[in-house]
Amino acid sequence: MKIPILKLGDILLTSMPEDLTDEDALEFQNAVLEKINKTESNGIAIDVTALETVDSFMARVINDTAKMAKLLGTEVILCGINPQVALTLVEMGRELIGVKTALNLEQGVTELRKLIDAGNSIPE
């Protein structure tokens, strides 16, 4: 499966396709981490609008991908969580710990900019 990951300045934009198998989800995770490493991007927005449902494995993959990206020095924003996915995550007790979220991709990119700019500012 080909994972489209676009570069926009110093940030990356990608989306999780619907109907991912467990193998596809791990391939997505690997592609994201490889692209971060290759481009040395400061941030990534992961759009999950296409996901209509998630299971505990998918929730773990999303959370782990964000944690791994943070370890590589990249800010992460998860965009487009639909109400059903949010409800499912809460009911399963699967919080996306340490993952910042935004309503949509536009807000996600704006929030990423703020995070990156705050991280690049020199304290006085």
Side-chain angles (χ1 to χ4, degrees):
M1 175 170 79
K2 179 76 172 147
I3 308 295
I5 304 173
L6 306 173
K7 188 167 181 353
L8 180 65
D10 62 343
I11 64 172
L12 299 173
L13 307 172
T14 190
S15 62
M16 292 189 85
E18 61 182 325
D19 300 328
L20 289 177
T21 65
D22 289 354
E23 184 177 301
D24 291 339
L26 293 174
E27 187 177 329
F28 173 85
Q29 181 180 66
N30 189 49
V32 165
L33 297 173
E34 283 182 15
K35 189 73 166 190
I36 289 170
N37 191 49
K38 182 179 177 182
T39 62
E40 298 180 3
S41 296
N42 291 319
I44 184 166
I46 302 173
D47 186 5
V48 296
T49 304
L51 297 181
E52 294 182 18
T53 60
V54 294
D55 59 14
S56 60
F57 179 79
M58 186 62 67
R60 192 183 87 216
V61 168
I62 292 168
N63 203 32
D64 289 352
T65 302
K67 286 179 184 178
M68 291 175 199
K70 293 285 285 180
L71 286 172
L72 293 174
T74 301
E75 296 292 344
V76 180
I77 297 284
L78 192 62
C79 314
I81 297 175
N82 73 46
Q84 187 59 41
V85 169
L87 179 67
T88 302
L89 290 172
V90 170
E91 286 178 348
M92 286 189 316
R94 296 290 306 194
E95 294 181 51
L96 298 175
I97 299 167
V99 179
K100 296 191 181 300
T101 60
L103 184 60
N104 56 45
L105 187 57
E106 182 178 359
Q107 288 180 3
V109 170
T110 300
E111 203 53 41
L112 262 180
R113 274 280 136 240
K114 290 177 188 175
L115 290 169
I116 291 168
D117 290 348
N120 289 334
S121 64
I122 300 170
E124 296 181 19

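- Remark: Ile77 CD1 to Leu105 CG distance equals 11.0 Å, nearest 0.5 Å.
- Rounding to the nearest 0.5 angstrom, the gap separating the NZ atom in Lys70 from the CD1 atom in Ile36 is 11.0 Å.
- By the criterion of side-chain heavy atoms lying less than 4.5 angstrom apart, applied directly or through intervening Ile, Leu, Val, Met, Phe, Trp or Tyr residues, Phe57 is not grouped with Val54; the two fall into different hydrophobic clusters.
- Leu8 contributes atom CG, which lies 12.0 Å from atom CD1 of Ile44 (distance to the nearest 0.5 angstrom).
- With sequence neighbours excluded, no residue forms a salt bridge (charged side-chain N to carboxylate O under 4.0 Å, His left out) with Asp55.
- Sorted by first and then second residue, the salt bridge (Lys or Arg N to Asp or Glu O under 4.0 Å) pairs with a member in residues 37-47 form an empty list; sequence neighbours excluded.
- For Lys100, there are no salt bridge (charged side-chain N to carboxylate O under 4.0 Å, His left out) partners at least two apart in sequence or on another chain.
- Residues Val48 and Val85 form no side-chain contact, since every pair of their non-hydrogen atoms from C-beta on lies 4.5 Å or further apart.
- Considering only heavy atoms from C-beta on, Leu12 stays 4.5 Å or farther from Thr74 through its side chain.
- Thr49 and Asn82 get closest at one heavy-atom pair: O-ND2, 4.5 Å.
- Rounding to the nearest 0.5 Å gives a distance of 8.5 Å between OG1 of Thr53 and CE of Met58.
- Remark: Thr110 OG1 to Glu106 CD distance equals 6.0 Å, nearest 0.5 Å.
- Shown here for Leu51 and Glu18, the closest heavy-atom pair between the two residues is CD2-CA, 4.3 Å.
- Leu26 and Met16 are members of different hydrophobic clusters when ILVMFWY side chains are connected at heavy-atom separations under 4.5 Å.
- Cys79 contributes atom SG, which lies 7.0 Å from atom CG of Leu112 (distance to the nearest 0.5 angstrom).
- Taking hydrophobic clusters as Ile, Leu, Val, Met, Phe, Trp and Tyr residues chained together by side-chain heavy-atom distances below 4.5 Å, Phe28 does not share a cluster with Val61.
- No donor-acceptor pair under 3.5 Å is formed between the side chain of Asn63 and the backbone N or O of Val99.
- Here the closest heavy-atom approach between residue Ala69 and residue Val76 is recorded as CB-CG2, 3.5 Å.
- Scanning both residues, Gln107 and Ala102, for their nearest heavy atoms gives C-CB, 3.9 Å.
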